[in-house]
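Beneath this line is the structure, given in structure tokens, with notes to follow.
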Number of protein chains: 2
Amino acid sequence: MLSKKTKYGLKALTFIARSGDDVPVQVSVISKSEQIPQKFLESILLTLRKSGILGSKKGKHGGYYLRNAPSEIKMTDVMRVLEGPIAMVPCVSLNYYEKCDDCPDENLCSVHKLMIEVRDGTLKVFRNKTLADLSGV
Amino acid sequence: MLSKKTKYGLKALTFIARSGDDVPVQVSVISKSEQIPQKFLESILLTLRKSGILGSKKGKHGGYYLRNAPSEIKMTDVMRVLEGPIAMVPCVSLNYYEKCDDCPDENLCSVHKLMIEVRDGTLKVFRNKTLADLSGV
DNA sequence: ATTAATCCTATCAATTTAGTAGGGATTACA
DNA sequence: TGTAATCCCTACTAAATTGATAGGATTAAT
């Protein structure tokens with residue numbers, strides 16, 4: 001299941017992308033418009049900022065803005081920040097690989113082989129999608 | 001993340017498929033061979049039996065067996081039984097559809113559109129795979 | 001009968017999720 | 001310079017899920 005965190009994060013990014021111009025967007029505005037608990041959203045946007053996807057401006061008239069054009073913001077990056085590894089098992093993860101304790105030989109593991117294909121299918125989608133595709137901008 | 005339940009379930013099914021012949025396979029045997037906690041495995045095989053994928057024989061020399069040939073056991077079915085819906089959000093689930101509370105119009109929702117593609121990518125894999133592919137039988 | 005197996009229900013500890021609470025730091029603007 | 005608005009940060013918490021474990025009831029072969 002997609003976590004609420006990821007869902008909210010994607011919606012917020014879409015909202016910011018659609019806002020278009022250079023003025024930063026406030027958490028409160030996104031929160032109201034997208035029906036996302038404000039404090040929760042704050043923490044999500046904070047992680048997106050720390051990961052470099054969003055920038056922020058503090059104080060009055062502050063808010064969040066995209067660090068790059070929507071077409072430059074890849075879903076692979078966004079999903080890894082919000083949801084974590086794209087692979088369903090660590091032993092097929094490209095970025096967070098970990099060997100399974102139980103599995104003596106990965107190449108003989110039926111789960112391993114299946115999950116590589118699932119991962120590739122998902123990656124194919126995320127690699128071909130940017131925030132521009134999501135937001136229509 | 002793939003749950004241990006699903007991982008264990010897939011390994012157990014593979015094991016049973018590879019055992020080949022008609023004698024039912026005991027939980028204790030699978031448990032030892034695949035390093036799966038026996039009581040946990042019991043409950044997993046029980047759900048697989050209740051769903052119709054496995055059959056069982058009680059009492060001495062009892063155990064579990066496949067109800068169909070491995071090539072007839074589709075991953076879509078197995079995954080739905082073990083892991084639940086294949087879709088990452090209920091609003092794109094084919095079998096367990098649910099509308100989102102927040103979303104006024106699905107067709108305008110960026111998350112919705114993205115997750116449909118992810119679902120289709122994953123379905124493509126599961127629809128093309130049977131237990132025969134996993135187990136090499 | 002005895003033994004070996006599945007079947008069933010209940011319980012539980014650890015982890016994760018989805019928040020909430022409260023305030024600190026920074027900036028714009030009057 | 002004061003005040004309001006805004007992000008920033010830490011800590012806490014309730015609920016749900018996960019990954020089991022415990023104990024026995026039932027069934028079947030010998």
Side-chain angles (χ1 to χ4, degrees), chain A residues 1-12 16 19 22-32 34-67 81-85 88-90 100-102, chain B residues 1-12 16 19 22-32 34-67 81-85 88-90 100-102:
Chain A
M1 273 285 284
L2 199 72
S3 67
K4 295 253 178 181
K5 181 180 171 188
T6 301
K7 190 183 176 192
Y8 293 162
L10 288 172
K11 286 198 166 195
I16 297 172
S19 304
D22 302 332
V23 257
V25 184
Q26 288 101 39
V27 175
S28 62
V29 172
I30 306 173
S31 161
K32 268 166 209 148
E34 299 292 324
Q35 317 215 53
I36 303 169
Q38 179 158 345
K39 279 292 196 177
F40 193 20
L41 183 56
E42 263 185 38
S43 72
I44 295 167
L45 298 190
L46 213 49
T47 53
L48 284 168
R49 196 220 60 188
K50 283 180 181 166
S51 79
I53 291 170
L54 289 177
S56 69
K57 190 161 172 284
K58 284 187 194 172
K60 209 167 185 176
H61 299 193
Y64 288 95
Y65 54 89
L66 302 176
R67 290 279 294 263
V81 167
L82 291 172
E83 191 76 3
M88 293 187 78
V89 276
C100 296
D101 293 337
D102 42 326
Chain B
M1 273 284 286
L2 199 73
S3 66
K4 295 252 180 181
K5 181 181 171 187
T6 302
K7 190 183 174 190
Y8 293 162
L10 288 173
K11 286 196 166 196
I16 296 172
S19 302
D22 302 332
V23 255
V25 184
Q26 287 103 38
V27 175
S28 63
V29 172
I30 306 173
S31 162
K32 269 166 209 149
E34 299 293 322
Q35 316 214 53
I36 302 170
Q38 177 157 346
K39 277 293 196 176
F40 192 18
L41 184 55
E42 260 184 41
S43 72
I44 295 167
L45 297 190
L46 212 50
T47 53
L48 284 168
R49 195 220 60 187
K50 283 179 181 166
S51 78
I53 291 169
L54 289 177
S56 68
K57 189 162 175 285
K58 284 189 196 171
K60 206 166 187 175
H61 301 302
Y64 288 94
Y65 53 89
L66 302 176
R67 290 279 294 264
V81 167
L82 292 172
E83 192 75 3
M88 294 186 79
V89 278
C100 296
D101 293 336
D102 42 325

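Chain naming here is simple, since letters A, B, ... match the order of the sequence lines and numbering starts at 1 in each.
- Residues meeting the side-chain hydrogen bond (donor to acceptor under 3.5 Å, both in side chains) test with B:Gln26, sequence neighbours left out: none.
- Taking the side chain to side chain contact (heavy atoms under 4.5 Å, CB included) definition, one finds that A:Val89 meets it with A:Cys91, A:Val92, A:Met115, B:Leu2, sequence neighbours left out.
- In the region residues 36-58 of chain B, proximity to DNA chain C at under 4.0 angstrom, judged on heavy atoms, holds for B:Lys39, B:Glu42, B:Leu46, B:Arg49, B:Lys50, B:Ser56, B:Lys57, B:Lys58.
- Taking a heavy-atom distance under 4.0 Å as the criterion, the stretch of DNA chain D touched by chain A extends 5' to 3' from D:dA5 to D:dC9.
- Interatomic distance, A:Glu83 CD to B:Met1 CE, rounded to the nearest 0.5 Å: 11.5 Å.
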Could you go step by step and tell me if A:Asp102 and B:Lys7 meet the side-chain contact (heavy atoms from CB on, under 4.5 Å) rule? CA-CA 11 Å; A:Asp102 42 326; B:Lys7 190 183 174 190; 3.4 Å; yes
Side-chain donor-acceptor distances from residues 50-57 of chain A under 3.5 Å, at least two apart:
| residue | atom | partner | partner atom | Å |
| --- | --- | --- | --- | --- |
| A:Ser51 | OG | A:Leu48 | O | 2.9 |

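- Atom P of nucleotide C:dT16 and atom CE of B:Met1 are separated by 9 Å, given to the nearest angstrom.
- Atom CG of A:Leu10 sits about 6.0 Å away from atom CG of A:Leu82, to the nearest 0.5 Å.
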Name every donor-acceptor pair, under 3.5 Å, that has one atom in a side chain of residues 37-47 of chain A and the other anywhere in the protein, sequence neighbours excluded.
| residue | atom | partner | partner atom | Å |
| --- | --- | --- | --- | --- |
| A:Ser43 | OG | A:Phe40 | O | 2.7 |
| A:Thr47 | OG1 | A:Ile44 | O | 2.7 |

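- Mapping B:Val25 and A:Lys4 onto DNA chain C by nearest heavy atom places B:Val25 closer to the 5' end of the strand.
- Atom-to-atom, CG of B:Leu2 to P of C:dT16 comes out at 16 Å; the value is rounded to the nearest Å.
- Closest of all the heavy-atom pairs between A:Lys11 and A:Glu34 is CD-OE1, 3.7 Å.
- Distances shorter than 4.0 Å separate some side-chain N or O of A:His61 from OP1 or OP2 on C:dC29.
- Taking 4.0 angstrom as the limit, B:Tyr64 places a side-chain polar atom (N or O) nearer than this to OP1 or OP2 of C:dC7.
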